[in-house]
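Encoded as structure tokens, the structure appears first; notes follow it.
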Amino acid sequence: MENGKKGIVMSGIRSTGFLHLGNYFGAIRNYVRMQEEYSCYFMVADLHSLTTHPDTKELKPNVHRVLAENIACGLDPEKVALYCQSHVYETAELYLLLNMLAYKGELEKTTTFKDKVRQHPENVNAGLLTYPVLQAADILLHRASLVPVGKDQEQHLEMSRNFANRFNHRYGEVFPEPFAFNFGEALIKVPSLDGTGKMSKSENQYATIFLSDTDDLIRKKIMKAKTDAGPSAPNMPMPDYIENIFLLMKLVSAPDTIQKFEEDYNKAAIRYGDMKKQLAEDMIQFVAPIREKAESIRQDQAYLKRIMEMGAEKARISAAATMEKVREAIGLKYY
Ligand code: ATP
Ligand code: MG
């Protein structure tokens with residue numbers, strides 16, 4: 001760890017499409033908050049993309065997009081190691097070694113695995129089954145202990161801790177335990193606009209607000225969010241789809257705006273049309289500057305190449321040091 005830094009941080013985002021509000025509020029916002037005081041490794045999880053997106057035609061633009069959108073959100077590639085997973089070969093070596101410590105039964109029980117099996121029964125590959133092992137390799141490769149992620153990653157982090165503990169127990173203490181991190185607050189889940197799950201790059205696309213959406217598209221998506229005729233009496237409990245709209249408002253609107261609509265709701269005098277119009281305008285205020293900045297970064301291919309090279313160089317130094325310890329601990333040293 002660099003001198004004076006508070007701890008080692010690692011997290012990643014798959015190159016499977018356009019980044020959205022969930023990626024921002026669940027992950028990137030905390031990357032930016034941590035970049036000054038912590039020693040940070042952030043990567044584009046391009047290898048993880050292959051578990052569900054075997055067609056690689058869009059891979060390059062997607063990788064560029066993830067980098068550009070992270071930087072547009074305020075991530076500074078000079079302050080952190082911002083790199084591509086596939087550029088750091090030690091990832092694959094540690095993944096292989098950790099696979100010996102991961103059991104088929106626990107991998108099959110993972111919620112995300114079961115979801116993907118349901119969605120894509122034609123492509124249940126071993127990479128999908130061992131997705132949490134590759135994720136553990138990414139984190140442990142830098143001996144990170146803090147992992148800023150959204151709520152959907154909680155179970156994977158628990159698995160990373162199990163693999164780290166098993167390794168330490170079997171071969172000697174090498175890895176700190178990694179924990180999902182949100183500055184002591186509960187992990188975030190940004191719900192999809194149709195209330196059927198979370199916003200996502202590769203599912204729920206029409207109910208997800210992307211950081212690249214135009215103003216008009218944001219208006220359309222928000223106006224289509226499910227509402228009803230409103231509460232029939234004061235202080236009624238809120239249906240989950242209405243709660244979701246309030247939750248989105250809390251991410252981007254001013255406190256007095258939220259308070260006004262909460263009061264209207266409790267008085268049974270809320271007008272959902274007005275609320276959604278207000279939410280759409282506040283959302284546009286939030287998204288538009290990121291969209292414009294990302295677009296200009298995306299055009300600058302030479303800059304993106306430089307960023308990737310610089311990031312990989314930083315990540316490889318840390319990865320090489322960890323792998324020395326790992327090989328030594330396991331006994332993969334014969335002279
Ligand atoms: P995909 O559908 O391809 O898996 P994704 O939107 O789930 O894409 P990931 O690349 O899997 O994105 O995750 C990147 C980061 O964003 C993780 O830290 C994850 O927890 C976070 N994240 C993703 N969706 C949400 C969401 N709706 N709310 C909060 N955090 C989220
Ligand atoms: Mg995901």
Side-chain angles (χ1 to χ4, degrees), residues 9-34 40-56 58-59 61-63 65-67 69-70 73 75 82 84-85 110-120 123 127-128 131-132 134-136 138-139 144 146-160 178-183 185-213 221 225 240 244 247-248 250-252 283:
V9 176
M10 199 286 145
S11 194
I13 299 184
R14 300 209 300 161
S15 43
T16 45
F18 295 37
L19 299 196
H20 52 80
L21 283 189
N23 299 134
Y24 181 83
F25 288 102
I28 303 170
R29 178 173 62 168
N30 283 343
Y31 300 178
V32 175
R33 283 177 178 165
M34 298 178 94
C40 294
Y41 297 88
F42 297 123
M43 56 127 204
V44 184
D46 53 348
L47 299 175
H48 270 114
S49 306
L50 300 177
T51 63
T52 51
H53 292 59
D55 181 351
T56 52
E58 295 299 316
L59 191 56
N62 281 343
V63 166
R65 178 177 289 282
V66 175
L67 291 168
E69 291 183 336
N70 267 284
C73 289
L75 198 66
L82 177 61
C84 287
Q85 190 179 29
T110 313
T111 311
T112 45
F113 176 69
K114 289 195 290 193
D115 287 347
K116 299 289 180 208
V117 170
R118 221 173 301 121
Q119 290 155 2
H120 300 285
N123 186 21
L128 196 61
Y131 189 113
L134 181 54
Q135 185 170 341
D138 295 326
I139 298 165
L146 303 173
V147 188
V149 283
K151 176 106 182 110
D152 58 297
Q153 292 297 320
E154 206 163 34
Q155 188 181 31
H156 287 175
L157 259 293
E158 191 187 330
M159 296 174 81
S160 288
F179 287 93
F181 183 81
N182 184 25
F183 290 93
E185 306 278 316
L187 300 182
I188 305 267
K189 173 188 165 182
V190 178
S192 66
L193 287 167
D194 61 6
T196 61
K198 71 171 193 71
M199 287 193 184
S200 154
K201 280 185 258 104
S202 41
E203 298 151 35
N204 290 328
Q205 296 206 356
Y206 298 100
T208 292
I209 300 213
F210 295 105
L211 301 177
S212 50
D213 280 349
K221 285 180 178 174
D240 52 0
N244 285 349
L247 200 152
L248 292 173
K250 283 180 189 145
L251 299 176
V252 294
M283 193 66 82

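FYI, side chains are in, hydrogens and waters are out, and symmetry mates aren't considered; it's all heavy atoms of this structure. Both counts, for ligands and for their atoms, begin at 1 and track the order of listing.
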Using the ring of each side chain (for Trp, its six-membered ring), is Y31 parallel, tilted or perpendicular to F42, with breaks at 30° and 60°?
-> parallel
Identify the closest protein heavy atom to atom 9 (P) of ligand 1: which residue and atom is it, and at what distance?
-> K201 NZ, 3.5 Å
Considering heavy atoms of the protein only, find what lies nearest to atom 3 (O) of ligand 1 and give residue, atom and distance to 0.1 Å.
-> T16 OG1, 2.5 Å
Yes or no on side-chain contact (heavy atoms from CB on, under 4.5 Å) for H156 and V149, after CA distance, side-chain angles and deciding distance?
-> CA-CA 10 Å; H156 287 175; V149 283; over 6 Å; no
So, for S15 and V66, which heavy atoms are closest and what is the spacing to 0.1 Å?
-> CA-CG2, 3.9 Å
Numbering as shown, the atoms of ligand 1 that approach G26 to under 4.0 Å (heavy-atom distance) = 29 (C), 30 (N)
Atom 17 (C) of ligand 1 sits nearest the protein heavy atom Q153 CG, 4.1 Å
Between G195 and N244, the two heavy atoms sitting closest are CA-ND2, 3.7 Å
Are the side chain of N204 and the backbone of K198 linked by a donor-acceptor contact shorter than 3.5 Å?
-> yes
Under 4.0 Å from one or more heavy atoms of K189, ligand 1 contributes atoms 28 (N), 29 (C)
Taking atom CZ of F183 as the centre, report whether more than 12 heavy atoms of other residues, nucleotides or ligands fall under 6.0 Å from it.
-> yes
Test applied, side-chain contact (heavy atoms from CB on, under 4.5 Å); reference residue, R14; option that passes from L50, N62, T51 = T51
What about N23: any of its N or O atoms under 3.5 Å from an N or O on ligand 1?
-> yes
Heavy-atom closest pair, residues K116 and T52 = CD-CG2, 3.9 Å
Looking only at N/O atoms, are V190 and ligand 1 under 3.5 Å apart anywhere?
-> yes
Give the residue and atom name of whichever protein heavy atom lies nearest to atom 7 (O) of ligand 1, and the separation in Å to one decimal.
-> K198 NZ, 2.7 Å
Specify whether F210 and F18 have parallel, tilted or perpendicular ring planes, treating 30° as the upper limit for parallel and 60° as the lower limit for perpendicular.
-> perpendicular
So is G17 in contact with ligand 1, going by heavy-atom distances below 4.0 Å?
-> no
Near I188 (heavy-atom distance under 4.0 Å), the atoms of ligand 1 are 28 (N), 29 (C), 30 (N)
Could you check atom 1 (P) of ligand 1 against the protein and tell me its nearest heavy-atom contact, residue, atom and distance included?
-> S202 OG, 3.2 Å
Can you tell which of G22, S15, S11 gets a heavy atom nearest to atom 26 (C) of ligand 1?
-> G22
Any atoms of ligand 1 less than 4.0 Å from a non-hydrogen atom of G150? List them with their elements.
-> 18 (O), 19 (C), 20 (O), 30 (N)
Return yes or no for this condition: an N or O of M199 is under 3.5 Å from an N or O of ligand 1.
-> yes
Where do S212 and E69 come nearest, in terms of heavy atoms and distance?
-> CB-OE2, 3.9 Å
Closest protein heavy atom to atom 4 (O) of ligand 1, given as residue, atom name and distance to 0.1 Å = R14 NH2, 3.2 Å
Nearest protein heavy atom with distance in Å, relative to atom 19 (C) of ligand 1 = D152 OD1, 3.4 Å
Protein residue, atom and distance nearest to atom 6 (O) of ligand 1, heavy-atom basis | H20 NE2, 2.6 Å
Contact check, side chains of P178 and M10, non-hydrogen atoms, under 4.5 Å | no
Going by the order shown, which atoms of ligand 1 are within less than 4.0 Å of some heavy atom of G12?
-> 14 (C)
For V149, the ligand 1 atoms whose distance to one of its heavy atoms is below 4.0 Å | 18 (O), 20 (O)
Applying the side-chain contact (heavy atoms from CB on, under 4.5 Å) test to F181, which of V9, V147, L146 qualifies?
-> L146
Below 3.5 angstrom, do we get any N/O pair linking Y131 and ligand 1?
-> no
